[in-house]
Enquirer: 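Right, I'll just put the structure down here and ask away after.
Reminder, nothing fancy here: chain letters follow the sequence lines and each chain counts from 1.
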2 protein chains.
Amino acid sequence: MTFAFDKERHRQGKGSEVEIFEAYLRQKGLKLTVPRRQLLELIFDDHSHFTADQLFDRCRERDVRISKATLYRTLAILTDCKLLSAHDFGGEAKYYEHVFGHEHHDHLVCLACRKIVEFQSPDIEKLQDQAAEELGFAPIHHSLAIFGVCAACAETAEGRKVIEEGQAGPTSVSD
Amino acid sequence: MTFAFDKERHRQGKGSEVEIFEAYLRQKGLKLTVPRRQLLELIFDDHSHFTADQLFDRCRERDVRISKATLYRTLAILTDCKLLSAHDFGGEAKYYEHVFGHEHHDHLVCLACRKIVEFQSPDIEKLQDQAAEELGFAPIHHSLAIFGVCAACAETAEGRKVIEEGQAGPTSVSD
DNA sequence: CTCGATAATGAGAGTGATTCTCATTTAGGG
DNA sequence: CCCTAAATGAGAATCACTCTCATTATCGAG
Ligand SMILES: [Mn+2]
Ligand SMILES: [Mn+2]
Ligand SMILES: [Zn+2]
Ligand SMILES: [Zn+2]
């Protein structure tokens with residue numbers, strides 16, 4: 001039952017991403033160009049958490065020749081029309097992920113292998129709204145990321161090292 | 001009563017920050033230099049959430065002449081020895097804050113005036129650990145920031161605008 | 001289908017926070 | 001006081017991202 005529903009929604013989803021994009025472009029007087037089509041295809045064809053650079057590499061792999069300027073511009077549009085969202089996990093680059101067809105969630109980030117795992121906690125969401133209200137804030141959005149070491153990495157030397165440093169870790173700078 | 005206690009702890013705190021710093025430097029074979037002394041003084045003399053640039057301006061105000069290189073290097077050391085912590089609120093620059101003498105907390109950030117308010121929620125902390133455990137993660141640290149509009153800004157046109165855009169807001173890029 | 005106004009694109013310059021390089025000073029133990 | 005390792009400052013370098021602008025492409029009107 002749940003399975004059938006998800007499958008159907010996913011099917012609709014695939015179609016709707018393009019529809020939403022086109023509707024948004026029309027509404028804003030923007031144009032549906034070849035690069036934008038190609039990027040939409042690449043992005044919604046697969047992966048869910050990616051950086052601009054990873055997407056750029058993916059373009060090259062598939063011989064889709066697009067400038068970084070256009071890539072960034074398209075990511076901005078897709079974020080504006082709520083097909084993507086951007087996350088700042090404190091690293092160098094922002095991570096983007098699909099929004100359409102996905103419910104809100106937060107993230108666990110493995111400090112050893114950079115794996116990103118999603119989780120949902122309605123209780124946490126509730127407590128956040130409560131905290132905001134108590135302090136007179138009108139909450140608009142939030143960012144919650146838990147950094148740690150995933151089960152797989154906890155078995156490795158690298159993972160153990162990260163955990164150790166976790167208790168009393170250095171930031172370190174050269175020179 | 002509460003007042004007297006805080007005052008006393010603050011007095012101890014002031015002393016201990018220097019002690020911790022000196023102990024850390026000695027342990028690492030680093031030197032206690034004039035610039036480092038001056039920065040420690042400036043940082044722990046007052047404000048609690050600041051960017052590297054704000055600290056740099058403060059240096060100039062007080063005729064403390066220090067290069068940005070040294071400033072950043074010192075911030076890294078202070079973060080290493082757990083006197084400061086760094087936060088990435090998604091803006092341009094990182095924010096630093098005092099750790100010694102402060103309990104762990106998370107932040108509310110006003111998108112209109114950039115004010116930062118602290119809050120604590122043991123319940124949220126508990127739920128976070130629970131979520132991590134369920135997914136096999138060993139949590140090391142986390143970052144929770146709630147972005148919204150503070151009570152004061154909610155009265156202003158700017159604040160209202162931010163709240164409106166919150167429901168269906170643009171990312172916008174020029175060109 | 002043809003045009004023309006308007007938007008988009010690519011290449012490369014520009015940004016801004018942070019880091020690095022390196023020649024020149026210090027700190028501090030012996 | 002001396003010596004050596006560490007620190008400092010000035011400016012170059014990074015790096016993700018944005019902007020500039022000359023050259024195309026889109027698409028709706030005619
Ligand atoms: Mn996600
Ligand atoms: Mn704080
Ligand atoms: Zn991992
Ligand atoms: Zn405010």
Enquirer: Picking from C/dT9, D/dC17, D/dG9, which would you name as closest to the side chain of A/Thr70?
Expert: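 Between C/dT9, D/dC17, D/dG9, the one nearest the side chain of A/Thr70 would be C/dT9.
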Enquirer: Does B/Thr33 have a side-chain nitrogen or oxygen under 4.0 Å from the phosphate oxygens OP1 or OP2 of D/dA6?
Expert: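 The answer is no; no side-chain N or O of B/Thr33 sits under 4.0 Å from OP1 or OP2.
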Enquirer: Between D/dA7 atom C1' and B/Leu39 atom CG, what is the distance in whole Å?
Expert: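 Atom-to-atom, B/Leu39 to D/dA7, this comes out as 13 Å.
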Enquirer: With a 4.0 Å limit, can you tell me whether B/Tyr72 has a side-chain N or O closer than that to the phosphate oxygens OP1/OP2 of C/dT19?
Expert: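 The answer is no; no side-chain N or O of B/Tyr72 sits under 4.0 Å from OP1 or OP2.
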Enquirer: Are the aromatic ring centres of A/His104 and A/His141 under 6.0 angstrom apart?
Expert: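 Not close enough - the centres of the two rings lie 6.0 Å or further apart.
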Enquirer: B/Lys161: what forms a salt bridge (Lys or Arg N to Asp or Glu O under 4.0 Å) with it, not counting sequence neighbours?
Expert: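 Here the qualifying residues are B/Glu158.
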Enquirer: Please report the distance, rounded to the nearest Å, between CZ in B/Arg73 and P in D/dA10.
Expert: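 Atom CZ in B/Arg73 sits about 11 Å away from atom P in D/dA10.
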Enquirer: Given atom CD of A/Gln38 and atom P of D/dT26, what is their separation to the nearest angstrom?
Expert: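 Result: 11 Å.
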Enquirer: Roughly, in whole Å, what's the span from CG in B/Leu75 to P in C/dT19?
Expert: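 After rounding, the gap between these two atoms is 9 Å.
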Enquirer: What's A/Ala69 touching, base or sugar-phosphate or nothing? Going by heavy atoms closer than 4.0 Å.
Expert: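 Base: the residue A/Ala69, judged by heavy atoms under 4.0 Å, touches a nucleobase.
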Enquirer: Taking CG from B/Leu25 and C1' from C/dG28, how many angstroms apart are they, rounded to a whole number?
Expert: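 Nearest whole value for this atom pair: 13 Å.
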Enquirer: Rounded to whole angstroms, how far apart are NZ on A/Lys68 and C1' on D/dA16?
Expert: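 These atoms are roughly 8 Å apart.
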Enquirer: Please classify the nucleic acid contact of B/Lys94 as base, sugar-phosphate, or nothing, using heavy-atom distances under 4.0 Å.
Expert: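 Sugar-phosphate, no base atom in range.
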Enquirer: Given atom CZ of B/Arg65 and atom P of C/dT25, what is their separation to the nearest angstrom?
Expert: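 Interatomic distance, CZ of B/Arg65 to P of C/dT25: 19 Å.
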Enquirer: Both A/Ser67 and B/Thr51 contact DNA chain C. Taking the nearest nucleotide for each, which residue is further toward the 5' end?
Expert: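 Going by which nucleotide is closer to the 5' end, it is A/Ser67.
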Enquirer: Let's go through A/His87 and A/Tyr95 carefully: what are the C-alpha distance in whole Å and the side-chain angles of both, what is the deciding distance for ring pair (Phe, Tyr, Trp, His ring centres under 6.0 Å) to 0.1 Å, and is it a yes or a no?
Expert: CA-CA 5 Å; A/His87 296 286; A/Tyr95 275 84; 8.8 Å; no
Enquirer: Students often get this wrong, so: under 4.0 angstrom with heavy atoms, is A/Arg37 touching a base, only sugar-phosphate, or nothing?
Expert: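 Since no nucleic acid heavy atom lies under 4.0 Å of A/Arg37, the category is nothing.
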Enquirer: Could you tell me whether the side chain of A/Lys31 has a donor or acceptor atom within less than 3.5 Å of a complementary atom in the base of C/dT6?
Expert: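 Present.
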Enquirer: Return yes when atom CD of A/Gln27 has more than 12 non-hydrogen atoms of other residues, nucleotides or ligands closer than 6.0 Å, and no otherwise.
Expert: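 Correct, the count exceeds 12.
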Enquirer: Starting at CG of B/Leu30 and ending at C1' of D/dA6, how long is that distance when rounded to a whole Å?
Expert: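 Roughly 8 Å, once rounded to whole Å.
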Enquirer: For residues A/Gln120 and A/His105, is any side-chain donor paired with an opposing acceptor at under 3.5 Å?
Expert: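 A/His105 and A/Gln120 do not have a side-chain donor-acceptor pair below 3.5 Å.
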